[in-house]
Amino acid sequence: MPTALPLLIFAGSTRQQSLNRRLARASATIARDAGASVTLLELSDFDIPLYHADLPSTPADVIRLKEVLWQHPAWIICSPEYNGSYTALLKNTIDWASCPVPAHPDWQDGIKPLRGKVVGLLSASPGAMGGRRSQSHLASLLINLECWLAPKAFALGQANSAFDAQGALVQQTDRDRVRAVVDQVLWAAGRLHADRIGAAP
């Protein structure tokens, strides 16, 4: 597995007991154990309001978010499923990330932080489907923003019992499926962003 490109992992939830935050942390551990350089991002660390194009200035944390997203060519998104789709938090985050900042020298191009990113989709749910419907909706949004979607994805069903007390996935088959998504994302990113291999994130 190529490991030189930085991998960003985040969940579309800020709930303390979020199953998808657990999955993001478990995925980060799996990727690091495989030798990847991982940044585990918590959306709760960003003070970002509901998207409003008429705000007098772009919030500082939106600029910080854009910078973090742009610095990482490879992403894993753990997407909760609300009402058969992805969360309002995730939509708001992506809307801000793709919003142009006309007066800013780096971010006048709105989709610069997203264009060309290789994204793998994971999800977790207490139900049998594991949040798979959220992935299909999110995929359309990301493709529209010129991201590359990894063909492999994983939806973790019955997720209430899928983690041990330390937050690791209990079943080896689940760990293997997460690892397969991570491997494919890094493999594709290594080819699409070969010029960045060895560069600082």
Side-chain angles (χ1 to χ4, degrees), residues 1-46 65 68-69 71-82 84-91 93-94 117-139 142 147-190 201:
M1 179 181 70
T3 59
L5 289 172
L7 174 66
L8 183 70
I9 300 178
F10 61 96
S13 176
T14 57
R15 291 179 55 241
Q16 286 298 310
Q17 300 303 318
S18 165
L19 294 170
N20 283 274
R21 288 182 66 225
R22 292 187 201 178
L23 182 57
R25 291 193 294 268
S27 300
T29 298
I30 290 168
R32 288 178 180 132
D33 287 347
S37 172
V38 178
T39 298
L40 180 60
L41 183 72
E42 291 284 2
L43 294 182
S44 59
D45 291 339
F46 294 81
L65 174 69
V68 172
L69 296 177
Q71 288 166 357
H72 293 78
W75 302 353
I76 298 289
I77 301 177
C78 299
S79 177
E81 182 179 301
Y82 287 7
S85 190
Y86 52 87
T87 61
L89 171 66
L90 194 49
K91 180 64 162 64
T93 299
I94 293 171
K117 305 305 179 182
V118 179
V119 185
L121 297 180
L122 305 177
S123 59
S125 167
M129 292 182 65
R132 188 174 302 278
R133 290 176 298 177
S134 74
Q135 294 182 15
S136 63
H137 288 197
L138 183 56
L142 295 171
C147 295
W148 296 85
L149 270 292
K152 286 186 182 294
F154 175 46
L156 176 66
Q158 312 297 332
N160 279 332
S161 58
F163 302 92
D164 64 21
Q166 289 71 46
L169 288 165
V170 174
Q171 298 296 326
Q172 182 63 48
T173 53
D174 293 338
R175 295 194 295 271
D176 289 345
R177 293 184 73 178
V178 169
R179 172 67 187 271
V181 175
V182 169
D183 284 354
Q184 190 173 73
V185 167
L186 290 174
W187 178 87

Could you go through Leu19 and Leu23, starting from their C-alpha distance and side-chain angles, then the distance that decides it, and tell me whether this counts as side chain to side chain contact (heavy atoms under 4.5 Å, CB included)? CA-CA 6 Å; Leu19 294 170; Leu23 182 57; over 6 Å; no
Evaluate the criterion salt bridge (charged side-chain N to carboxylate O under 4.0 Å, His left out) for residue pair Arg132 and Glu81; output intermediate values, then yes/no. CA-CA 8 Å; Arg132 188 174 302 278; Glu81 182 179 301; over 6 Å; no
Only residue of Ile76, Leu121, Leu149 satisfying side chain to side chain contact (heavy atoms under 4.5 Å, CB included) with Val185 is Ile76
Within this structure, what is the CZ-OG distance for the pair Arg32 and Ser27, rounded to the nearest 0.5 Å? 11.0 Å
Closest heavy-atom pair, Pro6 versus Pro73, reported as atoms and distance to 0.1 Å, is O-CD, 3.6 Å
Leu8 side, atom CG; Ser37 side, atom OG - distance, nearest 0.5 Å: 10.5 Å
Do Leu7 and Leu186 have side-chain heavy atoms sitting under 4.5 Å apart? yes
Applying side chain to side chain contact (heavy atoms under 4.5 Å, CB included) to Ile94 and Leu138, what does each step give before you reach the verdict? CA-CA 10 Å; Ile94 293 171; Leu138 183 56; 3.9 Å; yes
For residues Ala26 and Phe163, report the shortest heavy-atom separation together with the two atoms involved. CB-CE2, 4.2 Å
Report the distance from atom CG of Asp45 to atom CG of Leu65, rounding to the nearest 0.5 Å. 11.5 Å
Heavy-atom distance under 4.5 Å between the side chains of Lys91 and Tyr86, does that happen here? yes
Where Ala150 and Gly120 come nearest, the two heavy atoms and their spacing: CB-CA, 4.2 Å
Closest non-hydrogen atoms of Ala28 and Val38, given as atom of the first, atom of the second and distance, are CB-CG1, 3.9 Å
Apply side chain to side chain contact (heavy atoms under 4.5 Å, CB included) to residues Asp174 and Arg179 and explain how you reach the verdict. CA-CA 9 Å; Asp174 293 338; Arg179 172 67 187 271; over 6 Å; no
Considering residues, nucleotides and ligands other than Gln16, do more than 12 of their heavy atoms fall under 6.0 Å from its CD? no
Check whether any side-chain heavy atom of Val119 lies under 4.5 Å from a side-chain heavy atom of Trp148, and answer yes or no. no
For a quick test of reading the model, state the closest non-hydrogen atom pair linking His72 to Thr39 and the distance between them. NE2-OG1, 2.9 Å
Value rounded to 0.5 Å, distance of SG in Cys78 from CG in Asn20: 6.0 Å
Would you kindly say whether Ser44 and Thr14 are connected by a side-chain donor-acceptor distance under 3.5 Å? no
Criterion side-chain hydrogen bond (donor to acceptor under 3.5 Å, both in side chains) on Gln135 and Ser123, from CA distance to verdict: CA-CA 7 Å; Gln135 294 182 15; Ser123 59; 2.8 Å; yes
Residues in salt bridge (charged side-chain N to carboxylate O under 4.0 Å, His left out) with Arg22, at least two apart? none
Measure the CG-CD distance between Leu156 and Gln171 for me, rounded to the nearest 0.5 Å. 10.0 Å
Within the side chain of Ser85, is there an N or O that forms a donor-acceptor pair under 3.5 Å with the backbone of Tyr82? no
What's the shortest heavy-atom distance between Leu90 and Ser79, and which atoms? CD2-OG, 4.0 Å
Identified side chain to side chain contact (heavy atoms under 4.5 Å, CB included) partner of Trp75 from the options Leu41, Leu69, Val118: Leu69
When rounded to the nearest 0.5 angstrom, what is the spacing between CZ in Arg25 and CG in Leu169? 11.5 Å
